[in-house]
Amino acid sequence: DAGITQSPRHKVTETGTPVTLRCHQTENHRYMYWYRQDPGHGLRLIHYSYGVKDTDKGEVSDGYSVSRSKTEDFLLTLESATSSQTSVYFCAITSSPLSTDTQYFGPGTRLTVL
Amino acid sequence: KNEVEQSPQNLTAQEGEFITINCSYSVGISALHWLQQHPGGGIVSLFMLSSGKKKHGRLIATINIQEKHSSLHITASHPRDSAVYICAVTPLRVGTDKLIFGTGTRLQVFP
């Protein structure tokens with residue numbers, strides 16, 4: 001298994017509070033991704049990174065920000081959590097563009113916003 | 001209409017049956033991925049293919065680029081194959097660093 005961890009694994013928070021999710025990898029992979037998974041939807045890309053300090057938005061980026069100051073860590077921040085951000089969040093990594101390499105997924109973080 | 005469609009959405013089978021899950025897509029792609037998500041959430045990549053067929057154990061994935069269609073087959077299904085199977089494509093139009101996902105096919109195999 002690829003060395004990829006997420007923390008926390010579960011979190012319950014209240015509307016309006018800031019939340020930061022951490023993705024940590026030991027594979028030295030260049031590309032890192034944050035997805036959310038909701039019933040009735042496929043995995044949807046929130047933000048991704050193609051290198052240290054290089055990030056870009058995905059299809060559902062509103063209300064989220066990211067930072068990548070080290071190769072191994074990719075942080076996802078909800079500045080002011082809302083109930084619509086209740087979801088399961090997955091981090092993924094890959095070493096090469098996705099035409100030539102597969103993604104390796106973290107175990108997921110279940111976030112509940114009350 | 002989603003750019004990646006899977007069928008069926010739900011599938012039940014008896015142990016030992018041959019399973020087929022289908023994926024159709026409407027965009028040009030450089031690769032197609034099949035993923036497996038077990039109850040409890042972990043997602044594992046099963047195959048990445050851009051042409052032809054790949055086989056791993058009892059799993060076989062095929063793709064027809066001209067018809068924009070892929071199938072995942074499971075031979076001699078077993079209850080441990082119960083999972084959600086997800087198809088995803090690497091579209092040509094936005095480069096090679098993003099995936100578009102289908103909504104998944106939930107498979108239950110009963111003993």
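Predicted model only: the values in this text are computed from it and were never measured. Residue numbers start from 1 in every chain, and the chains themselves are labelled A, B, ... in the order their sequence lines are given, proteins ahead of strands.
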What part of B/Leu32 gets within 4.5 angstrom of chain A, counting heavy atoms only: side chain, backbone, both, or neither?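 Neither part.
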Residues two or more places apart in sequence or in another chain: which of them pass salt bridge (Lys or Arg N to Asp or Glu O under 4.0 Å) with A/Asp38?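 So A/Asp38 forms a salt bridge (Lys or Arg N to Asp or Glu O under 4.0 Å) with A/Arg36, A/Arg44.
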Please list, chain by chain and in numerical order, all residues satisfying salt bridge (Lys or Arg N to Asp or Glu O under 4.0 Å) with A/Arg30, sequence neighbours excluded.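 Listed in chain order: nothing, the list is empty.
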Are [X] and [Y] grouped together when hydrophobic residues (ILVMFWY) are joined by side-chain heavy atoms under 4.5 angstrom apart?
X	Y	answer
A/Val60	A/Val66	yes
B/Ile21	B/Phe18	no
B/Ile100	B/Ile65	yes
B/Ile60	B/Ile19	no
A/Val113	A/Leu75	no

Pairs flagged by salt bridge (charged side-chain N to carboxylate O under 4.0 Å, His left out) wherever residues 57-69 of chain A is involved - sequence neighbours left out: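 Matches after skipping sequence neighbours: none remain.
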How long is the span from the [atom1] atom in [X] to the [atom2] atom in [Y], to the nearest 0.5 Å?
X	Y	atom1	atom2	answer
B/Leu35	A/Thr102	CG	OG1	9.0 Å
B/Leu99	A/Gln103	CG	CD	4.5 Å
B/Met48	A/Thr94	CE	OG1	8.5 Å

Give, as side chain, backbone, both or neither, the part of A/Leu45 having an atom under 4.5 angstrom from any heavy atom of chain B.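 Contact with chain B: side chain only.
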Count the heavy-atom pairs under 4.5 Å between each of A/Gly40, A/Gly58, A/Gly42 and chain B, then report the option with the highest count.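 Ranked by contacts with chain B, first place is A/Gly42.
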Residues in residues 6-20 of chain A that sit under 4.5 Å from chain B, counting heavy atoms only: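 Not one residue of residues 6-20 of chain A has a heavy atom under 4.5 Å from chain B.
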Exercise: identify the closest heavy-atom pair between B/Thr103 and A/His41: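 Here B/Thr103 and A/His41 meet closest at CG2-C, 3.9 Å.
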Taking the side chain as every heavy atom from C-beta outward, state whether B/Ile43 and A/Phe90 have any pair of such atoms under 4.5 Å apart.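 Side-chain contact under 4.5 Å: yes.
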For chain A, which candidate among B/Gln6, B/Gln37, B/Gln9 shows the most heavy-atom pairs at distances under 4.5 Å?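 Greatest number of close heavy-atom pairs with chain A: B/Gln37.
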